[in-house]
Amino acid sequence: MSAVIDTHGHAHDHGHGGHPGGYGGIMRWITTTNHKDIGTMYLWFSFAMFSVGGVMAMLIRAELFSPGLQIVNPDFFNQLTTMHGLIMVFGAIMPAFVGFANWLIPMQIGAPDMAFARMNNWSFWILPFAASLLIISFFVPGGAPGVGWTMYAPLTVQMGVGMDLTIFAVHLLGMSSIMGSINIVTTILNMRAPGMTLMRMPLFCWTWLITGYLLIAVMPVLAGAVTMTLTDRHFGTSFFNAAGGGDPVLYQHIFWFFGHPEVYIIALPAFGVVSQVIPAFSRKPLFGYASMVYATSAIAILSFIVWAHHMYTVGMPVTGQLFFMYATTLIAVPTGVKVFNWVATMWKGSLTFETPMLFACGFLFLFTLGGFTGLVLSLVPIDIQLHDTYYVVAHFHYVMVAGALFAAFAGIYFWLPKWTGKMYNEKLGQIHFWLTMIFFNITFFVQHFAGLAGMPRRIPDYPLQFETWNKISSIGAFGMGLSQLVFLYAVVQCIRSGAKAPDKPWEGADSLEWTHLPTPVPYHTFDPQPDLR
Amino acid sequence: MAAVSRNAKTGLILASIALAWFVGVIVKYWIMGR
């Protein structure tokens with residue numbers, strides 16, 4: 001399943017390479033310090049977690065197919081929604097973009113590898129243990145925690161041992177993310193090739209540089225929050241436990257101080273991928289490169305001052321609501337700059353619509369829709385009506401799935417030839433796109449209507465009036481789930497029997513991995529570094 | 001060698017920031033109350 005080949009041989013195995021010349025078989029993957037191997041493992045791990053989280057989504061939608069209780073009991077339903085959220089956010093989407101970062105950042109800045117190659121290995125191998133803890137929590141007494149992915153107090157204080165496993169898993173996931181971020185930021189700051197100035201970097205590297213800073217700033221806050229939850233549970237403190245004089249709302253403030261930047265931790269690398277794909281298939285340079293960098297920075301900075309828009313209904317002064325409402329609507333400005341620039345890049349371009357471009361256009365259309373519903377929800381009077389309804393569920397799935405996941409698919413199809421040395425089947429890719437696009441909208445667009453009609457989220461049963469929307473949504477979800485088998489088939493077929501890819505299969509691609517490296521890329525790249533002055 | 005120590009320095013600064021946030025958020029609500 002190796003995605004790269006060795007063109008240097010054993011003589012060049014020095015420094016960061018665990019292979020070749022190191023271990024073979026499974027030990028190669030356990031001991032590897034090569035950024036490409038680690039990137040590949042991140043991407044496969046992400047797909048595995050995507051499948052696990054997807055099965056949970058199917059169970060949720062199967063239960064919601066009809067009113068009443070059919071398949072799972074309410075407690076298990078809550079466990080499913082909790083683990084679906086945690087696994088998709090921390091196990092699927094974030095590792096997917098760390099996989100992209102590992103593969104691409106050294107190649108795009110002209111570095112031989114990541115700055116801390118051994119720590120890179122450790123960052124990855126923490127993840128399977130953390131994911132195992134999350135999954136094992138289903139099988140301990142009391143089952144997995146049914147507290148929602150936000151892990152709000154005081155429910156978290158009352159849950160069984162599954163909550164402890166989840167807290168430990170979040171600690172591990174946080175450690176992995178922080179180590180990964182330190183590695184990425186250090187690599188970008190210190191290891192760029194001569195002449196690769198910050199403002200010459202591909203936008204994907206810029207988005208990851210900013211995401212790295214965000215992660216370093218907010219993951220420790222989440223770790224602190226769950227640590228306080230742990231001490232509330234076992235060591236007699238009362239940070240969040242009202243029974244002991246603590247404040248459950250304090251937890252919400254701390255969580256969302258992490259949680260809102262987390263949305264951009266997921267979205268910014270997706271913006272970076274799309275900013276590589278759209279210019280390549282428009283055969284034009286990215287419109288407004290500098291403004292894209294500044295807009296990305298502005299989004300990151302603003303993300304720190306909007307957290308309480310998730311909490312309008314828990315009670316806060318009107319001035320507080322106004323502040324968070326205006327700050328949230330302000331984010332639409334830099335985000336609008338980005339959307340404008342992507343469209344302007346396509347304007348009068350020599351456009352073609354291969355699979356990566358289709359997914360990028362799907363992202364552009366649907367993410368903008370998710371952004372608009374975000375604006376709707378940022379308005380206090382409307383949010384008070386829509387809080388905790390399916391409108392919110394629809395909104396964040398347009399951002400997370402149509403935003404992050406579509407961008408990830410665009411990136412995978414875009415770089416697959418460079419990673420594997422082989423071309424994917426274009427027809428399969430297009431089938432995958434259209435099936436995903438259609439079923440995604442069938443699943444989630446109708447949820448706006450269910451939410452507007454008042455259907456609450458996180459419930460296994462509902463009144464008859466919501467049945468039609470839920471039936472449509474569940475049919476869409478099953479279709480979308482099955483459509484991903486086409487993706488798996490397309491990737492496996494590409495690796496096993498794809499046609500040989502040229503060095504630069506995309507005419508408009510212009511970053512270093514396309515212009516300075518053969519396809520497939522050798523195991524060790526840029527040793528010595530290219531001089532770009 | 002110079003590159004290694006520069007990387008280590010950057011890494012340590014970033015790790016210190018992360019550690020300070022982690023300890024800081026707990027200390028703020030533990031020692032200082034709310």
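Numbered from 1 within each chain, the chains take letters A, B, ... in sequence-line order.
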Check your understanding: Out of A/Gly174, A/Gly212, A/Pro220, A/Ala225, which one racks up the most heavy-atom pairs below 4.5 Å with chain B?
Key ->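 Ranked by contacts with chain B, first place is A/Pro220.
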Check your understanding: Hey, which of A/Ile178, A/Thr187, A/Thr227, A/Leu189 has the most heavy atom pairs under 4.5 Å with chain B?
Key ->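 Between A/Ile178, A/Thr187, A/Thr227, A/Leu189, the count favours A/Thr227.
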Point to revise | Flag side-chain contact, heavy atom, 4.5 Å: A/Leu250 against A/Met228 | key: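 Contact flag for A/Leu250/A/Met228 side chains = no.
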Exercise for review: Kindly determine whether B/Tyr29 and A/Phe239 satisfy ring-ring contact (aromatic ring centres under 6.0 Å, His included), including the steps that lead there.
Suggested key: CA-CA 7 Å; B/Tyr29 296 110; A/Phe239 289 108; 7.7 Å; no
Practice item. Measure distances from A/Ile182 to the heavy atoms of chain B and classify the residue's part below 4.5 Å as side chain, backbone, both or neither. Key: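 Looking at A/Ile182, backbone and side chain both touch chain B.
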Review point. Measuring heavy-atom distances to chain B, does A/Ile254 have an atom under 4.5 Å in its side chain, in its backbone, in both, or in neither?
Key: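 Contact with chain B: side chain only.
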Quick check: closest heavy atoms across [X] and [Y], and the distance to 0.1 Å?
{"X": "A/Pro154", "Y": "A/Pro248", "answer": "CD-CB, 4.1 Å"}
{"X": "A/Met114", "Y": "A/Met191", "answer": "C-SD, 4.1 Å"}
{"X": "A/Arg200", "Y": "A/Leu532", "answer": "NH1-O, 3.0 Å"}

Check your understanding: By number, which residues in residues 255-262 of chain A have some heavy atom less than 4.5 Å away from chain B?
Key ->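 Under the 4.5 Å heavy-atom cut-off, A/Phe257 qualify.
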Review point. Which class fits the ring pair A/Trp149 and A/Phe90: parallel under 30°, tilted 30 to 60°, perpendicular over 60°?
Key: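 Aromatic pair A/Trp149/A/Phe90 classed tilted.
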Review point. Picking from B/Thr10, B/Val23, B/Leu19, which has the most non-hydrogen pairs under 4.5 angstrom with chain A?
Key: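 Max contact count across the listed options: B/Thr10.
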Review point. Centres of the A/Phe324 and A/Trp307 rings: under 6.0 Å?
Key: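 That pair passes the under 6.0 Å test.
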